[in-house]
Amino acid sequence: MKTKPYIQDDNVLAYAVGTTLDRFIKSKQADFPFATGELSQLLRDIALAAKIVSREISRAGLVNVAGAYGHTNVQGEEQQKLDVIANIRFTRALTKGGEVCAIVSEEEDEVIDLQNSRGKYVVAIDPLDGSSNIDVNVSIGTIFSIYRRVTPIGYPIQEEDVLQQGKQQVAAGYVLYGSSTMLVYTTGFGVYGFTYERSLGEFFLSHPDIKAPVDGHIYTINEGLQPYLEDDVLEYVAHCKQKGASARYIGSLVADFHRNMLKGGIYLYPGTKKAPLGKIRLMYEANALAFIAEQAGAKATNGKNRILDIVPTSLHQRTPLFIGSEKMIEELGSLMKQIK
Ligand code: AHG
Ligand code: MN
Ligand code: MN
């Protein structure tokens, strides 16, 4: 038979479509010795739920999914309808896949035991981050952490399967529902970002091997907290202003983090005189972003310790969070030491 080799002709096309998330995940599976493909499948399940949630969010102004749900969650925060919808979508996707034995979610008081003792993985998730921005068409997100269970497969899950240090994460990521929808994740071999092409229904690799700038010119803090901030943080903010840094605060951690990681900057949610541990949740928010930050060459601390070293003692525990460009975090750290 007469054949001819395939030659890719990019000249006639405006752009090459590129690598899909599915293909990328498959190509990276070899990074894991003895991988059976379950983690890959789990990431694909998350991507599917992200597509569904992205669709629900983009229709929020048209159908009856905006606004409050009428309940408060375990942390005393008013749940929005989309918080509940996103929680259901992600939980359902993770349940169906069969790779997960337990889910912990910001929107659930207790660990969800999937009664799937063969499942190797535990997922911690903030299904919808930035709830206060849902109704005003501002960027929001999803944050997830994936851990391997530590007790033997085939037995009921235990507390130690769930309360693991951030450094035990095998993968973590976020979805940003912004001017485009993006999925960014790491499995400990760099950070990769994918942009959703809605008409094709696929995520495509758009940000390979993301590296955060070593220094930055953006500081991100809710300055409305000023009366309750400690002197060291106030001093650092004054220093940022003196340096001529720009203030940027969206109020959705995912969006604030994503911008700072790409452009260079620092995000601060400190403990305050009113709330000594701040607002950010260790298991659902800080750990995943800290893992991603470190993989991108940035840093994450609670002001004293590396976020990934904190030993969690309860599911919904909060932590002060300082995350961003290496130099800025180091500067903040030395200032904190001087003042304390
Ligand atoms: P969530 O919507 O998941 O409860 O998270 C909101 C968090 C975080 O996204 C954001 O950075 C922070 O709360 C904003 O807090 P303030 O309103 O105190 O600035
Ligand atoms: Mn959140
Ligand atoms: Mn949330």
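First listed ligand is number 1; within each ligand, the first listed atom is number 1. In what follows, every heavy atom counts, from backbone to side chain, and hydrogens, waters and symmetry copies are set aside.
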Would you please test T20 and F203 for side-chain contact (heavy atoms from CB on, under 4.5 Å) and show each step?
CA-CA 6 Å; T20 65; F203 283 99; over 6 Å; no

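- Residues S131 and D83 have side chains that bring a donor and an acceptor to within less than 3.5 angstrom of each other.
- Of all protein heavy atoms, the one closest to atom 10 (C) of ligand 1 is G251 O, 3.3 Å.
- The distance from atom OG of S54 to atom CE of M182, rounded to the nearest 0.5 Å, is 12.5 Å.
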Test log, rule side-chain contact (heavy atoms from CB on, under 4.5 Å), inputs E107 and V84
CA-CA 7 Å; E107 301 302 336; V84 177; 5.9 Å; no

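- Annotation: F194 is in aromatic contact with F24 [ring centroid separation under 6.0 Å].
- Of the polar atoms of S132, none of the N or O atoms is found under 3.5 Å from an N or O of ligand 1, judged by distance alone.
- For ligand 1, one of its N or O atoms has an N or O atom of Y267 under 3.5 Å away.
- Each of the atoms 3 (O), 5 (O) of ligand 1 lies under 4.0 Å from some heavy atom of E285.
- Considering only non-hydrogen protein atoms, atom 9 (O) of ligand 1 sits nearest to D129 OD1, 2.6 Å.
- The six-membered or imidazole ring of Y267 lies away from that of F257, with a centre-to-centre distance of 6.0 Å or more.
- Looking only at protein heavy atoms, the nearest one to atom 18 (O) of ligand 1 is Y269 OH, 2.5 Å.
- In this structure, K274 satisfies the cation-pi test against Y228, with its NZ or CZ atom closer than 6.0 Å to the six-membered ring centre and inside 45 degrees of the ring normal.
- For a threshold of 3.5 Å applied to N or O pairs, the pair formed by S252 and ligand 1 contains no separation below that value.
- Only side-chain heavy atoms of Y249 come within less than 4.0 Å of ligand 1; its backbone N, CA, C and O stay farther off.
- Interface atoms of ligand 1 facing L128, defined by a heavy-atom separation under 4.0 Å, are 2 (O), 3 (O).
- Not a single N or O atom of I280, backbone or side chain, sits closer than 3.5 Å to an N or O atom of ligand 1.
- Here Q80 has no heavy atoms under 4.0 Å from ligand 1, in either its backbone or its side chain.
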Might you work through the side-chain hydrogen bond (donor to acceptor under 3.5 Å, both in side chains) test for Y192 and H207, ending with a clear yes or no?
CA-CA 6 Å; Y192 291 86; H207 294 63; over 6 Å; no

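- Every heavy atom of D83 sits 4.0 Å or more from the atoms of ligand 1.
- Numbered from 1 in the order shown, with element, the atoms of ligand 1 that lie under 4.0 Å from a heavy atom of G130 read 1 (P), 2 (O), 3 (O), 5 (O), 9 (O).
- Within 6.0 Å of atom NZ in K263, 12 or fewer heavy atoms from other residues, nucleotides or ligands are found, so the atom counts as exposed in its surroundings.
- Between L332 atom CG and I323 atom CD1 the span is 12.5 Å, to the nearest 0.5 Å.
- A salt bridge links K299 with E330; the closest basic N to acidic carboxylate O contact falls under 4.0 Å.
- The shortest contact between atom 4 (O) of ligand 1 and any protein heavy atom is with R281 NH2, 3.1 Å.
- Residue contacts with ligand 1 for D126 involve side-chain atoms from C-beta outward but no N, CA, C or O (heavy atoms, distance under 4.0 Å).
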When you look at N87 and E108, which way does the side-chain hydrogen bond (donor to acceptor under 3.5 Å, both in side chains) test go after all the steps?
CA-CA 9 Å; N87 191 40; E108 308 276 354; 2.7 Å; yes

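- For K96 and D45, the salt-bridge test fails: no basic side-chain N is under 4.0 Å from an acidic carboxylate O.
- Residue contacts with ligand 1, taken as heavy atom pairs separated by less than 4.0 Å, involve L253 via backbone and side-chain atoms alike.
- Take the Mn ion (ligand 2) and draw a sphere of radius 2.8 Å; the protein N/O/S atoms inside it number 3.
- Under 4.0 angstrom from ligand 1, there are no non-hydrogen atoms of V254.
- In this structure, the protein non-hydrogen atom closest to atom 13 (O) of ligand 1 is K279 NZ, 3.1 Å.
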E331 and K243: salt bridge (charged side-chain N to carboxylate O under 4.0 Å, His left out), yes or no, with the steps?
CA-CA 12 Å; E331 229 168 21; K243 255 185 19 178; 3.8 Å; yes

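- Of the inter-residue distances, the one linking M283 atom CE with L315 atom CG reads 6.0 Å to the nearest 0.5 angstrom.
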